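Working notes, structure below.
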Amino acid sequence: MPKGSDLFVAALENEGVDRVFGVPGEENLDLLESLRTSGIKLVLTRHEQAAAFMAATHGRLTGRPGVCLATLGPGALNFSTGAAYAHLGAMPMILITGQKPIMSAKQARFQIVDIVASMKPLTKMTRQIVSAAAIPSTVRDAFRVATEERPGPVHLELPEDVAAEEIENTSVIPVHTADRPVASALSLDGAAQMILAAKRPLLMIGAAGNRPALVDSLSNFVRRTRLPFFNTQMGKGAVTGGSNLYMGTAALSEGDYVHEAVERADLIVAIGHDTVEKPPFLMKSAGGPRVIHVGYQSATVEQVYHPDIEVIGDIGATVEALGERLEGKLAPDEGMLDLRQRILARLNDRAEEARFPVTPQRLVHDVRKVMPEDGIVCLDNGMYKIWFARNYRTHVANTLLLDNALATMGAGLPSAMMTAMLHPGRRVMAVCGDGGFMMNSQEMETAVRLGLNLVVVILNDSAYGMIRWKQAVDGFPDFGMSFGNPDFVRYAEAYGAKGSRVTAVEDLVPTLEAAFAGGGVHLVEVPIDYSENTRVLVDELRNRTPDVECA
């Protein structure tokens with residue numbers, strides 16, 4: 001007779017799940033056996049955190065929840081950072097954890113932690129399944145909650161005895177589509193009138209505007225309206241960066257190159273701005289630009305974000321309707337377009353600098369040189385993120401993945417692994433600082449075992465460079481940020497990967513090209529020097545206040 005675990009796996013298959021990432025434990029053994037006889041592939045990772053990062057990235061890139069699996073207690077707690085990563089980053093995912101039997105307690109409190117309670121602030125929904133009969137409705141509801149706006153993680157706890165429970169009724173609940181509400185004609189008319197009345201309107205595309213399903217709608221809106229635009233970091237790539245209307249990306253909260261455009265604008269149309277992302281400062285106490293919020297949900301009012309009007313509804317339908325009202329009626333602001341040329345020229349400064357160790361500007365220049373338009377770069381979190389956000393031009397949507405919400409270290413390699421699995425025919429590169437890489441470096445074995453084609457660039461400065469930069473901005477002495485590193489080339493080889501070390505700036509491009517040409521997993525160590533760029537960034541911050549941080 002079928003068990004609860006069989007019904008659970010059937011419910012996952014009903015949702016279109018083809019992979020589950022994770023580290024099983026003894027409380028998952030019934031579920032594991034049901035997976036073995038199903039069409040779902042188990043992707044075994046070396047740490048639960050990496051499994052959660054991979055599942056979240058699946059949701060980010062496809063719009064469909066990725067699924068990860070862990071046991072109770074310590075295994076489930078290792079999901080915490082990945083759950084927060086997806087929750088703040090609005091990435092749909094399902095976290096499944098095991099638990100001791102709930103109808104008996106033969107092991108007393110051994111390894112038992114209240115995971116449902118611990119997951120409550122980190123997820124959209126968390127639920128313990130208390131009977132096999134409840135599995136179909138619970139799983140269907142979990143996927144619904146994970147995918148509806150605002151997307152995010154959902155946690156399900158499957159106790160051992162519920163998974164083993166025999167059940168006769170194994171029918172699942174069919175997946176149904178749900179239309180999102182559309183903005184009212186009144187709010188659309190009001191927004192259109194405000195845009196038409198503005199002399200220097202500017203678009204800002206935020207994290208919620210960077211959904212896979214919105215690429216065509218947003219790109220068409222920019223083409224129809226001819227409005228200049230810029231991105232937040234997590235909005236980068238929602239519209240092609242090759243457009244001659246692209247003003248840049250806000251890599252800092254203020255004082256960045258693109259903030260000259262913000263200061264010039266008298267109206268900002270903020271499409272999909274999510275205040276969980278480190279903010280680009282828009283709001284002024286007086287005399288600043290007016291702000292229109294376009295989003296799936298009402299704006300979260302913050303000290304740094306309190307828009308004048310809101311247009312709430314499906315973003316794709318909203319921008320299509322706004323485009324109809326604005327097409328052919330807007331004259332380009334020549335001053336804004338002239339400013340664009342100056343901003344982009346400043347971004348090209350020092351891009352071919354011949355110093356060694358490599359500077360961030362040269363690194364970004366050379367990575368862009370070896371990556372085709374559809375190649376995907378996945379960043380960990382570190383000092384280099386500022387320079388990739390600023391300088392790396394995207395030509396195809398979702399080809400630069402970075403995190404500006406939780407902004408956790410350790411996600412770069414698992415994110416790139418998931419990307420390589422989803423896009424095996426495209427070049428995929430992970431760019432990690434030495435600190436972030438070592439937080440999940442054991443997943444090199446997973447990448448090799450899976451036969452992935454992946455280049456992993458390790459930026460070696462033997463320090464936590466981002467915090468070192470902030471230390472300098474705040475005027476503190478350089479202290480407590482340095483460490484030692486392994487021989488990264490030999491480290492890669494120990495996992496069965498290939499390894500290379502760049503020893504001269506002119507070797508960076510040929511080394512990366514050779515790594516891609518060779519196939520498989522290839523680690524490239526690149527010594528990097530942030531010292532000069534720390535001074536450059538400090539000098540570029542026009543408003544030098546102690547609370548200026550990286551965006």
Side-chain angles (χ1 to χ4, degrees), residues 45-50 52-54 57 78 80-82 84-85 88-89 233 251 278 357-360 363-364 367 377-389 400-417 429-447 454-474 476-492 494-495 497 499-502 521 523-534 537 549-551:
T45 61
R46 304 307 298 267
H47 195 284
E48 293 87 354
Q49 187 183 94
F53 287 146
M54 293 178 76
T57 302
N78 281 342
S80 297
T81 302
Y85 174 75
L88 269 67
Q233 286 193 35
K278 197 69 177 296
V358 174
T359 61
L363 171 75
V364 175
V367 167
V377 176
C378 303
L379 303 183
D380 203 274
N381 201 65
M383 186 68 183
Y384 50 89
K385 187 176 79 170
I386 296 174
W387 299 98
F388 272 92
L400 180 67
L401 301 188
L402 54 78
D403 171 24
N404 194 34
L406 184 65
T408 178
M409 298 168 73
L413 175 59
S415 176
M417 290 163 57
M429 176 187 293
V431 178
C432 307
D434 43 8
F437 172 72
M438 290 303 293
M439 291 186 178
N440 268 312
S441 64
Q442 73 281 347
E443 301 306 330
M444 289 285 287
E445 187 277 329
T446 308
L454 175 64
V455 172
V456 183
V457 174
I458 308 300
L459 306 178
N460 188 350
D461 69 333
S462 297
Y464 292 118
M466 174 74 84
I467 310 306
R468 202 179 205 177
W469 173 79
K470 183 64 167 71
Q471 200 172 46
V473 169
D474 286 357
F476 290 111
D478 186 354
F479 173 75
M481 300 299 164
S482 300
F483 47 73
N485 278 318
D487 182 326
F488 284 117
V489 172
R490 293 174 64 188
Y491 188 80
Y495 284 119
S500 301
R501 181 177 294 109
V502 173
V521 181
L523 182 151
V524 178
E525 179 187 349
V526 182
I528 192 162
D529 181 8
Y530 293 123
S531 59
E532 176 64 21
N533 290 278
T534 297
L537 282 173
E549 297 183 17
C550 302

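None of the values given here were measured: they were computed from a predicted structure. We use all heavy atoms of the structure for the numbers below, so side chains are in, but hydrogens, waters and symmetry mates are not.
Counting only heavy atoms from C-beta outward, the side chains of Leu406 and Thr81 approach each other to under 4.5 Å. With a 4.5 Å cut-off on side-chain heavy atoms, Trp387 and Leu363 do not count as touching. Counting heavy atoms from C-beta on, the side chains of Val502 and Val524 come closer than 4.5 Å. Contact annotation: the side chain of Phe488 approaches that of Met438 to within less than 4.5 Å [non-hydrogen atoms, C-beta and beyond]. By the 4.5 Å heavy-atom criterion applied to side chains, Leu459 and Val431 are counted as neighbours.
Asp529 contributes no side-chain N or O that, together with a main-chain N or O of Pro357, makes up a donor-acceptor pair within less than 3.5 Å. Looking at Gln471, its side chain does come within 3.5 Å of a backbone N or O of Phe479 through a donor-acceptor pair. Remark: the backbone N or O of Ala411 is paired with a side-chain donor or acceptor of Asp380 at under 3.5 angstrom.
Contact record, Ala492 with Gly499: CB-CA, 4.4 Å, taken as the closest heavy-atom pair. Minimum interatomic distance between Tyr464 and Gly435 (heavy atoms only, all atoms of both residues): CE2-CA, 3.9 Å. Residues Arg468 and Ala463 share a closest heavy-atom pair of NH1-CB, 3.4 Å. Residue Ala497 comes nearest to Met444 through the heavy atom pair CB-CE, 3.8 Å, listed as atom of the first residue, atom of the second, then distance. A pairwise comparison of heavy atoms in Leu413 and Ala430 identifies CA-CB, 4.4 Å as the closest pair. For Val367 against Val377, the heavy-atom pair with the smallest separation is CG1-CG2, 4.1 Å.
Checked against side chain to side chain donor-acceptor pair (under 3.5 Å), Tyr491 has the following partners two or more places apart in sequence or in another chain: Ser441, Tyr495. For Asp434, the side chain to side chain donor-acceptor pair (under 3.5 Å) partners two or more places apart in sequence, or in a different chain, are Asn485.
Within the model, atoms CG of Asn440 and OG1 of Thr408 stand 8.5 Å from one another, a figure rounded to the nearest 0.5 Å. Separation of atoms CG (Leu379) and CG (Leu402) is listed at 5.5 Å; rounding is to 0.5 Å. Going from atom NE2 of His47 over to atom CZ of Phe53 covers 9.5 Å, rounded to the nearest 0.5 Å. Separating the CE atom in Met417 from the CG atom in Leu454 is a distance of 8.0 Å, to the nearest 0.5 Å. Atom CH2 in Trp469 sits 13.0 Å away from atom CE in Met481 (nearest 0.5 Å). If you take CG on Asn404 and CD1 on Ile386, they are separated by 10.0 Å, rounding to the nearest 0.5 Å.
Proximity of the aromatic rings of Tyr384 and Tyr530 is defined here by a centroid distance below 6.0 angstrom, and this criterion is not met.
The residues Asp403 and Lys385 are annotated as not salt-bridged, no charged nitrogen and carboxylate oxygen being separated by less than 4.0 angstrom. With respect to Glu525 and Arg501, a salt bridge is recorded, a charged nitrogen being found less than 4.0 Å from a carboxylate O.
The number of heavy atoms from other shown groups lying within 6.0 Å of CZ (Phe483) is above 12.
If you run side chain to side chain donor-acceptor pair (under 3.5 Å) between Arg46 and each of Glu445, Gln442, Glu443, only Glu445 comes through.
Side-chain contact of Ser80 with Asn78: a donor-acceptor pair under 3.5 Å is absent, judged by distance alone.
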